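Just so it is clear, the model here is predicted, and its values are computed rather than measured. Each ligand, and each atom within it, is numbered from 1 in the order the structure gives. Counting from 1, the numbers follow the sequence of the chain as shown. Heavy atoms only: backbone and side chains are in, while hydrogens, waters and symmetry mates are out.
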Amino acid sequence: MKREMMAAVLYGRENLRVEPVAVPTLGEGDVLVRVKAALTCGTDVKVFLRGYHARMIVPPAVFGHELAGDVVQVGAGVTKFGIGERVVAANSAPCHECYYCLRGRENLCERLLFNNGAYAEYIRIPARIVEKNTYRIPDHLGYQDAALAEPLACVLRGMEETGIRPGDTVAVIGLGSIGLMFVRMAKVWGTRVIALGRRRGQLERAARMGADELITVREPADALRTVKDLTGGRGADVAIEAVGTPVTWEMAAQMVQRGGTVNFFGGCPSDTRVTLDTSLLHYSEITCKASFHHTPAHIRRAIEVISQGSITARDFINSEEPLENLLEVMRYLMSHNGHLKTAILP
Ligand SMILES: [Zn+2]
Ligand SMILES: [Zn+2]
């Protein structure tokens with residue numbers, strides 16, 4: 001076993017270095033994984049820009065959280081996985097003991113354990129994640145497909161929380177990889193999907209994912225009018241906000257019909273506020289939801305969905321790059337919203 005490896009270390013705002021660090025040593029129950037694919041994610045770009053994430057990562061720290069690879073070493077007491085096994089590990093695991101876990105809200109766990117360090121040759125998977133949220137990759141799936149489990153799990157949880165039913169009209173605002181996963185899954189669930197985005201390339205992708213109607217968003221008011229026109233003047237049953245700006249949150253709240261549900265899925269910058277029409281929310285009985293993160297059950301379901309071929313790396317990963325290029329990749333992603341994911345191959 002090597003002592004040193006190359007890994008991306010985040011030092012602060014836009015300060016990221018790919019440098020030699022010690023290969024992590026294992027404690028009881030931990031597993032060491034040789035990373036075969038680490039996927040970039042909108043969250044990573046945000047973290048790179050801001051230099052930290054209140055819950056997920058405090059620099060200096062190894063970086064990256066969507067990964068799949070091979071088990072190359074196991075800590076004392078590990079029986080669940082053997083050397084050479086192909087695995088996908090989630091980036092967190094709940095404690096199953098706290099107030100929220102005991103109420104079935106594992107994503108809100110008070111002691112949610114996060115793991116970072118996917119942009120590296122090796123990553124240590126801590127015992128709790130090995131035990132509760134690491135899975136064998138089905139033989140027919142590639143590493144890049146499997147690594148989509150984490151973002152897809154967030155989406156599946158969002159779908160469930162929103163109570164989407166077959167036959168519903170679902171408006172999806174924002175067509176990055178998360179929005180596009182919503183489009184695809186909403187189609188798989190038998191709904192009619194209205195996709196709203198700003199760029200032509202995004203709308204074309206949404207069409208490939210099965211969107212029934214495409215709306216190019218220039219002015220929110222025009223987009224709202226078009227959604228109403230497409231729904232007999234009523235609005236959508238469900239609106240999913242997958243951008244993360246106050247403007248689009250406000251737009252989403254106005255896009256649903258009486259009794260409709262809005263999911264504020266995209267996290268806005270901290271300290272931002274939105275204005276909501278109280279009469280509209282009250283007299284139209286609008287349900288407002290927000291979804292954060294995922295649970296182990298949703299990671300398992302995501303692997304099943306990927307296994308069935310509904311979500312594939314082909315549709316969500318635009319390019320592959322070696323680890324040394326990570327800084328350029330992050331800079332590129334900052335300025336190219338139309339790009340979905342890059343697979344980093346350390
Ligand atoms: Zn992610
Ligand atoms: Zn907990």
Under 6.0 Å from the ring centre and within 45 degrees of the ring axis: does the NZ or CZ of Arg17 meet both conditions for the six-membered ring of Tyr11? yes
At the Zn ion (ligand 1), what's the angle from His65 NE2 to Cys41 SG, rounded to 10 degrees? 100°
Is Asp315 salt-bridged to Arg205, cutoff N-O under 4.0 Å? no
Tell me whether Arg105 forms a cation-pi arrangement with Tyr100, defined as NZ or CZ under 6.0 Å from the six-membered ring centre and within 45 degrees of its axis. no
Restricting to N, O or S atoms, which atom of Glu150 is closest to the Zn ion (ligand 1)? OE1
With rounding to 10 degrees, what does the angle Cys95:SG / the Zn ion (ligand 2) / Cys109:SG come to? 100°
Quick one: does Lys341's side chain have a donor or acceptor within less than 3.5 Å of a partner on Thr40's backbone? yes
For the Zn ion (ligand 1), the closest N/O/S atom belonging to Glu66: OE2
Restricting to non-hydrogen atoms, name the atom on Glu150 and the atom on Ile299 that form the minimum distance, rounded to 0.1 Å. CA-CD1, 4.0 Å
Has Cys101 got an N/O/S atom less than 2.8 Å from the Zn ion (ligand 2)? yes
